[in-house]
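Numbering of ligands and ligand atoms starts at 1, following listing order. Starting from 1, each residue takes its place in the sequence as its number. For clarity, every value in this text was computed on a predicted model and none was experimentally measured.
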Amino acid sequence: MMSCAKVKKYYQNYSLYTYNRVGPVFVRGKGSWLWDCAGKKYLDLFPGWGVGVLGHCHPAVVKTIGEQSRRLIHLPNNLFFEQQAVLAEQIVKNSFPSRVFFSNSGAESVEGALKITRLFGAGKRYKVITMRDSFHGRTFAAMSATGQAKYRKPFKPVVPGFSEARLNDIRSVRRVTDNKTVAVMLELVQGEGGVNIAGKDFIVALSAWCRKNGMLLIVDEVQTGMGRTGKLFAYEHYGITPDIMVLSKGLGAGFPIGAIVVGRHLCDLVKPGLHASTFGGSPLATAVSKTVFDTIKKERLPAAAAKSGAYLRACLMRLRDKFAFIREVRGMGLMQGMELDVKTFPLFLKIMENRVIVNSTHDYVMRIMPALNVSREEIDRGLKIIEKVFKGV
Ligand code: PLP
């Protein structure tokens, strides 16, 4: 095995500098734990930027990867294979009347959903309303849809046709709706934008506004999906049905896969040849994702996320009572954030020095999104370290 210093040297010499990488070189993971090249153990309370719903290297996922990779890894999408068909059925049966297109990532799923809005608009309507502080990915249209100027500015001109409204402000949605508007796309809990929760009244009013104006409602559940918020999909908390849902991250629990779940009433718009992906929904990816579904069901992980999330939240509220610089604790299930009066990045680094991994986003928000099977002892241990670091602020 390469030495840690050599791995970092290779990064320095050969990798494009798009990431602010920190910490040691990691070599192994299991559940909520990671080991670095010196054999030191870290508690990972933010596995894979929200990907790790089952934690690292869940035995069921490892088994499926082994078995399926010996049988069949890839086939192109002009051929039939069981694994993809079975996963599509699983997604449809667990969501709303729909059909599924498989992609490889969140942004790619967002792109596909946006293409469907153009088909729906039939050349007459094309504008999509998205929310301030949203995050939908880094490809061109997904980035253009993202409600944060800092991501778009260096790449201007961006894809036209996006208008910005504010989360939980239905008037702002009404204000930017015009006769060219074809859809609204949003995250029900904004992740990267600082763990901002859409209120139920807002979503119900938004859904009604979309219906009234013949506009599509697209929910980006790339981060909130697969049990994270205490339900399999976050839209279930709101008593609404979206027209389109995009999924990724937890769908493969570490294996790259994305999905566009398209309401039945829209499916006739998408004719053969209008959209495609070479790798999307391969036998290996879809077999793994089916195992993720089965495991989520078997281990009752949405309920576990609701319960552990309530526990984590109560712990964070206690921390808030102790430290005046914690402005707010907010979240849903195991997607929790703390907004601080101080920048969170230096704190994230200090916490990592103490071998716990959390996340710093939107400058002032500390995000905690553990595996859905995280234990209370693990939450306690992480919180103890966070408290220790906060004492030094
Ligand atoms: N949508 C949401 C809500 C996300 O959180 C992300 C990534 O963090 C994306 C889309 C983009 O996903 P990916 O990085 O897989 O392209």
**Study point:** Atom CZ of Arg313 with >12 non-hydrogen neighbours under 6.0 angstrom
**Key:**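 Counting other residues, nucleotides and ligands, CZ of Arg313 exceeds 12 neighbours.
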
**Study point:** ring-ring contact (aromatic ring centres under 6.0 Å, His included) pairs, two or more places apart, involving residues 104-146
**Key:**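 Those involving residues 104-146 are Phe135-Tyr151.
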
Point to revise | Residue pairs involving residues 269-312 (criterion ring-ring contact (aromatic ring centres under 6.0 Å, His included); sequence neighbours excluded) | key: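 Output for this query lists His74-Phe279, Phe101-His275.
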
Check your understanding: Taking only residues two or more places apart in sequence or in another chain, which ones pass salt bridge (Lys or Arg N to Asp or Glu O under 4.0 Å) with Lys231?
Key ->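 With neighbours one apart ignored, the set is empty.
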
Check your understanding: Is any side-chain heavy atom of Met215 closer than 4.5 Å to a side-chain heavy atom of Trp209?
Key ->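 Result yes, sub-4.5 Å side-chain heavy-atom pair found.
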
Exercise for review: Sort out for me which residue in Asp133, Thr224, Asn196 forms a side chain to side chain donor-acceptor pair (under 3.5 Å) with Gln190.
Suggested key: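 Only match with Gln190 under side chain to side chain donor-acceptor pair (under 3.5 Å): Asn196.
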
Point to revise | Under 4.0 Å from ligand 1, counting heavy atoms only: the protein residues, by chain and number | key: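 Residues Ser105, Gly106, Ala107, Phe135, His136, Gly137, Glu187, Asp220, Val222, Gln223, Lys249 each place a heavy atom under 4.0 Å from ligand 1, listed by chain and number.
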
